[in-house]
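Everything below concerns the one structure shown next.
A note on names: the letters A, B, ... follow the listed sequences, proteins ahead of strands, and every chain is numbered from 1.
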Amino acid sequence: MEAKGWGRGDFPRTLLAWYRSNARDLPWRRPDTSPWEILISEVMLQQTPVNRVLPVYLAWIDRWPTPARLAASPAAEALRAWGRLGYPRRALRLHQAARVIQQRFGGRVPDDVAELRTLPGVGAYTAAAVAAFAYGKRVVVLDTNIRRVVTRLTGTASPSPHPTAADYATVDDLLPSDGRRAARVSLALMELGALICTSSSPRCADCPLRSACRWGGTPTRPRRRPAYRGSDRHARGVILGKLRDAEGIVPYRDLVAAWPDPVQLARAADSLIADGLISRSGGGYRLGPASDVRQISGPAGPLAGPRQPGRRSASAPRGR
DNA sequence: AATTCGTGGGA
DNA sequence: TTCCCAAGAAT
């Protein structure tokens, strides 16, 4: 569907003019940003505000300027550098992605959406974003911002919580034929969604597209999420914080001191182990998956159990 | 297809 | 204080 009152070329021109003078100056938008840096920024920005990503991103690309460099580091280091960005499995997957890029793609971030999609932690949005923003490919980039802006603009709001085929078609119709220009339109739509056409209390008076917008101004009510405080999720966060702030092994008693319910604590720790975010080590816990130890200790380790002193902490929970 | 997965700033 | 929410992905 065409937005009302626009010729086909008018929409990109108006939007890009707005973007040129209103876009934030973000490091991953500099013209010399590498595909690897683009990938890092996109993963970090998943469900995470720009302002929180900025310092972590800068430190990350300084430390690991190539996939090879990250692939050569233990996963625990990636988790530690991730800091408090949230959703730490993203750090783990980005680390895994670096190893896949190194081993299967010769150290180069793929430019093909299907290949990008095979990387851990890279879904439909991130694959499209890297293909478009790093390589200038004409692909539909569909994140929550673009979906919100376009459905409001064209009056085609769909009730589905996930992007539909119709959503893709609607955006595809709005993108110019040139790949690099289309990518810039996608960036501009995202920026418009982030700065003007926000989820709640949008600043319609400042919108460059207001004369063509079909939106009636009816916000959608999201379902409320379960309480965080006191949840297993909260316990996981506390455990991870403790292990992140410690260099090595954290005794179990230190975790008990940080969380009142030992049953819940054990459950949370088990789930973190299952996710590869932490592992049992030397009678306590440490950041990172068990595979980190094999890497650090060298390939000599037999399949038989942990190579640690027989002394086992009495306070450590036994496998259940 | 519906759930689960952090975190902290601002309304 | 409570609640919302910020460039999704995996299962």
Side-chain angles (χ1 to χ4, degrees), chain A residues 19 23-24 26-29 33 37-57 79 82-94 96-97 116-134 139-150 159-164 167 171 183-195 197-203 219-244 267-268 271-278:
Chain A
Y19 183 68
R24 291 166 293 180
L26 302 174
W28 46 83
R29 289 181 183 165
T33 307
E37 291 166 339
I38 297 283
L39 174 60
I40 291 167
S41 73
E42 291 302 337
V43 172
M44 287 185 174
L45 286 164
Q46 292 166 4
Q47 305 287 284
T48 310
V50 164
N51 288 328
R52 199 176 310 165
V53 166
L54 275 171
V56 179
Y57 168 82
L79 286 165
W82 195 257
R84 307 184 68 81
L85 276 188
Y87 293 135
R89 286 185 295 192
R90 290 182 294 167
L92 213 51
R93 290 174 181 145
L94 187 52
Q96 292 165 351
L116 284 163
R117 206 45 202 76
T118 68
L119 299 175
V122 176
Y125 161 75
T126 303
V130 171
F133 305 151
V139 296
V140 172
V141 181
L142 199 41
D143 77 323
T144 58
N145 279 314
I146 294 184
R147 187 163 184 243
R148 183 179 60 251
V149 170
V150 170
S160 166
H162 291 297
T164 64
D167 293 329
V171 175
R184 195 165 175 80
V185 167
S186 293
L187 280 174
L189 284 170
M190 292 172 72
E191 192 74 341
L192 189 69
L195 299 181
C197 193
T198 55
S199 177
S200 58
S201 61
R203 303 163 49 195
T220 56
R221 185 64 64 184
R223 71 180 179 88
R224 43 181 306 127
R225 291 186 300 181
Y228 177 73
R229 200 167 62 83
S231 64
D232 282 16
R233 199 172 183 174
H234 187 184
R236 285 168 55 104
V238 168
I239 294 171
L240 276 172
K242 282 294 192 183
L243 301 198
R244 220 167 27 225
R267 187 168 62 236
S271 74
L272 288 170
I273 291 171
D275 288 342
L277 291 167
I278 72 173

Walking DNA chain B from its 5' end, the first of A:Y228 and A:P161 to be reached, judged by nearest nucleotide, is A:P161
Contact class for A:G86 (heavy atom, under 4.0 Å): base, sugar-phosphate, or nothing? base
- prompt: Would you say C:dA9 has OP1 or OP2 under 4.0 Å from some side-chain N or O of A:T126?
  reply: yes
Side-chain atoms of A:V50 come closest, of B:dT4, C:dA7, C:dC5, to C:dA7
| query | Would you say A:T48 reaches C:dA7's phosphate, i.e. side-chain N/O to OP1/OP2 under 4.0 Å? | reply | no
inquiry  = Classify A:V141 by what it touches in the nucleic acid, base, sugar-phosphate, or nothing, heavy-atom distance under 4.0 Å.
reply    = nothing
The side-chain contact (heavy atoms from CB on, under 4.5 Å) partners of A:P27 (sequence neighbours excluded) come to A:R30, A:L54, A:Y57, A:L58
ask   = Using a cut-off of 4.0 Å on non-hydrogen atoms, how would the nucleic acid contact of A:I146 be classed: base, sugar-phosphate, or nothing?
value = nothing
Atom CZ of A:R90 and atom P of B:dT7 are separated, to the nearest Å, by 10 Å
To the nearest angstrom, the CZ-P distance between A:R225 and C:dC5 comes to 9 Å
Applying a 4.0 Å non-hydrogen cut-off, can you work out what A:R52 is touching in the nucleic acid: base, sugar-phosphate, or nothing? base
ask   = Does A:Y228 reach the side chain of A:H234, with side-chain heavy atoms less than 4.5 Å apart?
value = yes
_Donor-acceptor pair between A:Q46 and A:Y125 side chains, under 3.5 angstrom_ = no
- Message: Applying a 4.0 Å non-hydrogen cut-off, can you work out what A:R117 is touching in the nucleic acid: base, sugar-phosphate, or nothing?
- Response: sugar-phosphate
Walking DNA chain B from its 5' end, the first of A:G237 and A:P226 to be reached, judged by nearest nucleotide, is A:P226
What interatomic distance, in whole Å, is found between C1' of C:dG8 and the corresponding atom of B:dG10?
-> 23 Å
